[in-house]
Every structure is written in C-alpha cells, then in structure tokens.
Participant: 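Handing you this structure, nothing more for now.
Bear in mind the structure is a predicted one, so any value in this text is a computation, not a measurement.
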Amino acid sequence: MKTLRLTNTLTRTKEVFKPVNPGHVGMYVCGPTVYGDAHLGHARPGVTYDVLSKLLRHLGYKVRYVRNITDVGHLEHDADAGEDKIAKKARLEQLEPMEVVQTYTLRYHEAMRKLNVAPPSIEPRASGHIVEQIEAVKRILDAGYAYESNGSIYFDVRKYNGDHKYGVLSGRNLDDTLEGTRELDGQSDKRAPFDFAIWKKAEPEHIMRWPSPWGEGFPGWHLECSVMGEKYLGQEFDIHGGGMDLMFPHHECEIAQNVACRGTQGVHYWVHNNMITINGQKMGKSLGNFITLPQLFAGEHEKLAQAYSPMTIRFFILQAHYRGTLDFSNDALQAAEKGLKRLMQAAKDLYAMVGRKAPRYVYGEEAFGVAPDSCSAVNAEVKALWENVYDALCDDMNTPIALAGISEAVRIINSAKAGSIRLAKEDLDTLCQLFDDIVFGVLGLKDEEGTDGTSGKVIAGLMDMVLEQRAAAKAAKDWTTSDHIRDSLKALGIQVKDGKNGAEWTIE
RNA sequence: GGUGCGUUGGCCGAGUGGCUAGGCGCAGGUCUGCAAAACCUGUCACAGUGGUUCGAUUCCGCUACGCACCUCCA
C-alpha cells in the first residue's frame, strides 16, 4: 500500500497517515448549514474531501465518511446572541423550520450530485441527535467545565484553559482571544466573553426547542460535531476536515468539548481546505459576494460571463492545491473549461485506441480498483508520469501536480493518435489505468457530453448520417455543400473536426 | 491591536538551493481543399531589500503590499 502524507493543522506539518485501525479510516467533515443555496465556496470542501475519501479507498482503505447537516443551533451574527439561521429563514418565508431544512438539503444534494461528489457514508443531522447532545452537556457539566446561567449552559473556557490548553489548533492563547473579543449586548449570562453556549435556553418566540434538564432549549452549534463524530466514528478517529474559517472557533471548541467530555480530543489529523476568493477577497455570505452553485451552472449572475458546467467547477478546484486560496474569475473558469474539454477528448481517443468505452462510474459507487504497486508501461515517459501522478496525490493530495502529469498523458495520447509516436500495449494499458482510476475514479471527473441514453444514441446516429453526406460532398469536391453542413452544425454548437480517418465531432 | 498566511510570466496556478510543473492566451510552423482540432517551437516569471552560500525564485532578516481568523462563514 502506498504511503499517504497529509498536512495536519494541529502540528502544522505534513505527517505520514496512519489510521487508528489498520485498513480502516474514519473521517468527519463539517457539512453545510441548510438555510440557503450552497455557493462556490461550499463546492471546495465538497470536492476536496470527496477526492480524499476516494483516494483513501483507492489506496485500499475501507472508509467511513461522515458529513453532517446542520439544521439547528447555528446562530447569526454572534454565536450566543443571534437568531437561529434556520429559524430566521423559516420566519421570513413563513415555513416550518424543517421545510427550510428539507428544501435546502435536497438542493445541496442536487448540487453535490452534479459536481460528482459522492454521498458520505453517513449524513447525520444535528436535530436528530438532541438526546446525545443533552448527554454530552451533562458530561461536560459533571466534569466541571460548564456552568448553568439563566437556563443556558456555557462552556467554562477559563477553567478549561487552566487544566488543558485552549487554542491548540488555531495556535492562539486565551489572552489574545480576550483582547480581540468584542463586548456585545445580551451576553450578560456568560462569565467570560470567550465562553460559548453548549445548550441555549429558548426564548418564548423561538420555535425550534426541545425539553432538557435545564428547561426548553436547543443545542449550541459546536456541540453537534463533537457528538456525532464520537457516535459514528468512536472516541478516537482519523480525519476531521472542514474549511479553514471553521478552525476558530468551531473546531477549537470541538476540541475543548471532546477533552471535557471524554478526556481526549480524539482527532488524529485535522485537515483544512482554504477559501475561494473573488477579487482576492473571501467569498462569503456575510460579504454578499458569493455566487451560488445553481447560479454558476445556469450562468445567472451579473459576475458570470457565461454558464459553467459542474465538471468545469470541479476541474477548476482540482487545478489548485486545497490548502491555498483559489481566486474566482471568468478567465480562470474559461481556461478550466477548455482544459477539461481537451482532457476528455484525449480520454475518448485513448479508449477508442484500445477499443473500449470510457468507464462509467455510477454516482456514489466506487467501482475503481485498488492502486497497483507499479505499472506495466515500457515507455519511460509513461512510466514516469504514472509514478508522478501517484506521488503527487499521496503527497498531501497534490491534485495540481497530478493534473500536470495527466496533461503529459494527454500530450502523449494525442501524439500517438497523430501517429508521431507509437505506444506499446503495456503503455496504453497504463494510460487507461490512469484514466480509469485517477481521472474518472479518484479525481471524479467525467465527460458531460450528453451522448448517453436513448436520445444520445439517436444524436450519434444522426451525426453519422450527416457526416456521411458531408464526406460524399467532399469526395465530389462539392465544397459549398460540405462547408454548409459544417457551418450549420457549428451554429448548433457542434464542432466538426476533420482528421486522417474521417471526421469527428464534439458538442461545444 | 493579536495570530497566521501569501506576493511566481498576459491570466490561472504548482514547485525547487544549481537541471527551473501544467492549463489558458498569444506568435510562428506542420497537417488540411479551406477552417477547426491535433502536433512542434517560441512566449527570456519568481514583490523590494540586506544576508547565508561556490550558487537563491527556493533558507534567514527587514520593508512594502495583500489576505484570512480573532463575530456567523466552507
């Protein structure tokens, strides 16, 4: 089995990945709060951890991937004084909170499906784990790291910091945190401004509420991830992922809760993806500079020069390393679109050369195989690029380097197709394996051209007919007719490409 | 104010103490009835400054600029 290295935010170093249980990986990733459409920023963790889970599976691990849905407890503006995001949306749209949750959960799933992000193994909801969260609050109270105040329970950060250290993940000390914390109204229940709610008393107008030993209320946001992580992955598990903006306070609070509850923070590798920026600034809801995924796919936003397909977005994300920021621009997306098209064309040509079709992975099924130790290539260039791709992916999931290697493969495939080089069967096999396992498998790219299914077959048949007519016209040197056919197809968005062995076509 | 990160060619974006990804764009060439596609070639990049070194874009210091977190945020 190949060795994977991952950057652990906790140690700020690249570490060799070693699972708690050999052959098995437990991975928890913070999912969305479902009170609105997912935007481009949400696509990044979706794609990043999808690739990580697929890579782990390809390396031979059995993976349990848990990604939650936050449907309660996430407050606006200030974690202790704001209104619940879901409840607010429900109030504004005069819906049951769970109607809001259902709507946006389904829309999130749809966006992820389009991005070819496989569903996680378990997708727990915060509202489905109120009992466990109440139990966790009790445990933290029993351990002496929380106090009750006016019906709410707060985590005693100062007390915790005395026995352990608060801020190990984000690398800050409590005094600095204190300095930067603004005093806000409505915080009088707390002993210290950096204390955070683990159970919140529900005001009379609050509609999402559950009975508890401390009266009717709802759980604090940070608690759900601690509780559901432990429930489904155990007290010690391997990977916890999420956006860098969740590092503090969310993940820091998780760590404190875990230690208070079970004596160990339990997560072995904290993995954080960086942000997508727009004009160099973070894309975020509070800044109002976000573009939702449905808007991107439809091209309906003033900042969009055109629509971008889900695979273009996926390819765009994979072209940058997950720990760096990635800047949105129409130029960058258009470059990604073209790069992807070139890659997919090469894939088709490659499979045509070996006489089979591109693999078709069904959404959510990992049909691709376990990574072999070596390849069968006899061509030194092919062998080297195959190894480079694996080395890159295993080196902190370096997808841009992997894609650079795959671009080399594209060049080689095109050269072979053009007849300027000859590839042995072993080389073709290696290239196929690379496309099967990495391009379509781990990276989860796919051809979006709609020639699948019945209508696709009809289109393919019609195209054969039309191109036959054009070939006949060309043979008769009837350039008027042949160019008319080509131009008409062009107007429909179908590009005709004349090659040595006849014409090919692609939908633009 | 505190903490951390970044500044790479026309654009996006990797990476490295010397052999200097990749994509897109642009220019020239090959092929082609023409075009497109493809292929080949080119496009002399590493914010500034001082230092370490035989040698730095890569290591260290300083400066400038930008960003993120410290409030909800993927």
Side-chain angles (χ1 to χ4, degrees), chain A residues 12 29-33 38-46 48-49 74-83 85 167 170-173 175-182 184 193-194 221 241-250 252 272-277 280-287 290 315-316 319-321 323-340 342-343 345-346 349 388 392 398-408 410-411 413-415 417-421 474 477 479 482-483 486-487 490 495-500 503-506:
Chain A
R12 319 247 160 196
V29 173
C30 292
T33 301
H39 59 69
L40 181 55
H42 295 94
R44 198 162 197 199
T48 299
Y49 301 110
H74 202 163
L75 306 185
E76 286 211 315
H77 308 307
D78 175 78
D80 301 303
E83 186 175 2
K85 286 173 188 249
S170 55
R172 65 189 75 209
N173 64 57
D175 295 333
D176 296 337
T177 306
L178 181 56
E179 250 179 70
T181 306
R182 275 185 261 160
L184 289 160
F194 40 69
W221 174 43
M244 271 186 187
D245 51 352
L246 296 181
M247 219 161 82
F248 190 93
H250 186 56
E252 205 69 78
H272 290 97
N273 62 278
N274 213 319
M275 301 292 106
I276 287 184
T277 59
Q281 264 199 327
K282 175 179 166 180
M283 185 178 284
K285 295 207 169 172
S286 52
L287 287 165
F290 63 93
F315 190 76
F316 172 66
Q319 272 189 311
H321 189 257
R323 290 190 55 86
T325 57
L326 173 60
D327 200 49
F328 162 88
S329 71
N330 281 289
D331 284 349
L333 260 319
Q334 282 162 3
E337 186 179 50
K338 287 179 184 164
L340 174 67
R342 184 165 172 268
L343 174 63
Q345 183 59 52
D349 292 337
N388 287 345
N398 198 324
T399 53
I401 296 282
L403 282 174
I406 285 159
S407 283
E408 289 292 300
V410 169
R411 209 198 72 239
I413 290 163
N414 287 334
S415 297
K417 191 193 174 197
S420 56
I421 61 165
K474 280 182 68 170
K477 295 206 189 299
W479 309 127
S482 73
D483 287 356
R486 188 177 66 197
D487 295 345
K490 177 88 181 165
Q495 185 190 46
V496 176
K497 298 183 286 191
D498 287 330
K500 282 205 159 51
E504 293 179 1
W505 59 278
T506 54

Participant: Mind checking who B:rC19 pairs with, Watson-Crick or G-U wobble, both distances under 3.5 Å?
Facilitator: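 With both distances under 3.5 Å required, B:rC19 matches none.
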Participant: Establish, with yes or no, whether the OP1 or OP2 oxygen of B:rC69 is under 4.0 angstrom from a side-chain nitrogen or oxygen of A:Arg172.
Facilitator: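 A:Arg172 to B:rC69 OP1/OP2: no side-chain N or O under 4.0 Å.
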Participant: Determine the interplanar angle of the A:His250 and A:Trp221 rings, folded into 0 to 90°, and report it as parallel if under 30°, tilted if 30 to 60°, perpendicular if over 60°.
Facilitator: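 Because their plane-to-plane angle is under 30°, the rings of A:His250 and A:Trp221 count as parallel.
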Participant: Pick base, sugar-phosphate or nothing for A:Ser482, based on heavy-atom distances below 4.0 Å to the nucleic acid.
Facilitator: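 Base contact.
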Participant: For nucleotides B:rC40 and B:rA45, find the distance between their C1' atoms and express it as a whole number of Å.
Facilitator: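 Taking atom C1' in both B:rC40 and B:rA45, they lie 23 Å apart.
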Participant: Walk me through it: do A:Asp483 and A:Arg486 pass the test salt bridge (Lys or Arg N to Asp or Glu O under 4.0 Å)?
Facilitator: CA-CA 5 Å; A:Asp483 287 356; A:Arg486 188 177 66 197; 3.7 Å; yes
Participant: Counting distance alone, no hydrogens or angles: does the base of B:rC5 have a donor or acceptor under 3.5 Å from a partner atom on the side chain of A:Arg323?
Facilitator: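 There is none.
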Participant: Tell me whether the side-chain N or O atoms of A:Arg486 pair up with the base of B:rA36 as donor and acceptor below 3.5 Å, since no angle test is needed here.
Facilitator: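 In this structure, the two groups form no donor-acceptor pair.
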Participant: Under 3.5 Å, is there an N or O donor on one side and an acceptor on the other linking the side chain of A:Asn398 and the base of B:rA14?
Facilitator: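 Side chain to base: no pair below 3.5 Å.
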Participant: Out of B:rA38, B:rA74, B:rA14, which nucleotide sits closest to the side chain of A:His321?
Facilitator: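 The answer is B:rA14, which lies nearest to the side chain.
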Participant: Taking 4.0 Å as the cut-off, does a side-chain nitrogen or oxygen of A:Lys490 come that near to OP1 or OP2 on B:rA35?
Facilitator: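 No, A:Lys490 has no side-chain N/O under 4.0 Å of OP1/OP2 on B:rA35.
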Participant: Base, sugar-phosphate, or nothing for A:Leu326, non-hydrogen atoms under 4.0 angstrom?
Facilitator: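 Here A:Leu326 touches the backbone only, sparing every base.
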Participant: May I have the distance from A:Met247 (atom CE) to B:rU71 (atom P), rounded to whole angstrom?
Facilitator: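 From A:Met247 CE to B:rU71 P: 14 Å.
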Participant: Using atom C1' of each nucleotide, how far apart are B:rU43 and B:rG1 to the nearest Å?
Facilitator: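 B:rU43 and B:rG1 have their C1' atoms separated by 46 Å.
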Participant: Taking the side chain of A:Arg342 as heavy atoms from C-beta outward, which of B:rG22, B:rC39, B:rA14 is closest to it?
Facilitator: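 Shortest atom-to-atom distance from the side chain points to B:rC39.
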Participant: In whole angstrom, give me the gap between the C1' atoms of B:rU16 and B:rG22.
Facilitator: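 Result for the C1' pair: 15 Å, nearest Å.
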Participant: Of A:Phe315 and A:Lys477, whose nearest nucleotide on RNA chain B comes first from the 5' end?
Facilitator: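 Taking each residue's closest nucleotide, the earlier one in sequence belongs to A:Phe315.
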Participant: Measuring only the C1' atom in each nucleotide, how far is B:rG10 from B:rC46? A whole number of Å is fine.
Facilitator: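 It works out to 16 Å between them.
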Participant: Partner of B:rG1 by Watson-Crick or G-U wobble geometry, both contacts under 3.5 Å, or none?
Facilitator: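 Across all strands, the one nucleotide that pairs with B:rG1 is B:rC70.
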Participant: For B:rG13 versus B:rA47, give the span between their P atoms, rounded off to a whole number of Å.
Facilitator: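 Going atom to atom, P in each nucleotide, I get 15 Å.
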Participant: Please work out if A:Asp327 contacts a base, only the sugar-phosphate, or nothing of the nucleic acid, heavy-atom cut-off 4.0 Å.
Facilitator: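 Sugar-phosphate contact only - A:Asp327 comes under 4.0 Å of backbone atoms but never of a base.
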Participant: In whole angstrom, give me the gap between the P atoms of B:rG2 and B:rC59.
Facilitator: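 So the two P atoms sit 25 Å from each other.
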Participant: In terms of side-chain heavy atoms of A:Ile276, which of B:rC72, B:rA74, B:rG33 is nearest?
Facilitator: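 Looking only at heavy atoms from C-beta outward on A:Ile276, the closest nucleotide is B:rA74.
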Participant: Spell out yes or no: do the side chain of A:Asn388 and the base of B:rG22 have one donor N/O and one acceptor N/O closer than 3.5 Å?
Facilitator: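 Between B:rG22 and A:Asn388, which were checked side chain against base, a qualifying N/O pair under 3.5 Å is absent.
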Participant: Distance only, no hydrogens: is a donor on one side chain within 3.5 Å (strictly under) of an acceptor on the other, for A:Lys417 and A:Gln345?
Facilitator: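 There is no such pair (donor and acceptor under 3.5 Å, judged by atom type) between the side chains of A:Lys417 and A:Gln345.
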Participant: Both A:Arg12 and A:Leu403 contact RNA chain B. Which one's nearest nucleotide lies toward the 5' end?
Facilitator: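 So the residue in question is A:Arg12.
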Participant: Can a side chain N or O of A:Asn414 be found less than 4.0 Å away from OP1 or OP2 on B:rC39?
Facilitator: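 So the side-chain polar atoms of A:Asn414 do come within 4.0 Å of the phosphate oxygens OP1 or OP2 of B:rC39, strictly under.
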Participant: Establish, with yes or no, whether the OP1 or OP2 oxygen of B:rG23 is under 4.0 angstrom from a side-chain nitrogen or oxygen of A:Arg411.
Facilitator: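 Checking A:Arg411 against B:rG23: no side-chain N or O falls below 4.0 Å of OP1 or OP2.
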Participant: When rounded to the nearest Å, what value does the distance between P atoms of B:rG25 and B:rC11 take?
Facilitator: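 Per the computed distance, 15 Å lies between those P atoms.
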Participant: Using the P atom in both, what is the distance from B:rU53 to B:rG48, to the nearest Å?
Facilitator: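 Rounded to whole Å, the distance is 23 Å.
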Participant: What is the base-pairing partner of B:rA47, counting Watson-Crick and G-U wobble geometry with both distances under 3.5 Å?
Facilitator: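 With both distances under 3.5 Å, B:rA47 matches B:rU63.
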Participant: Between B:rC39 and A:Lys417, is there an OP1 or OP2 to side-chain N/O distance shorter than 4.0 Å?
Facilitator: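 No, outside the criterion.
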Participant: Round to the nearest Å and state the distance from A:Leu246 atom CG to B:rG4 atom P.
Facilitator: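 Rounded to whole Å, this separation is 20 Å.
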Participant: Under a 3.5 Å cut-off for both contacts, is B:rG10 paired Watson-Crick or G-U wobble with anything, and if yes, with which nucleotide?
Facilitator: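 Pairing partner: B:rC24.
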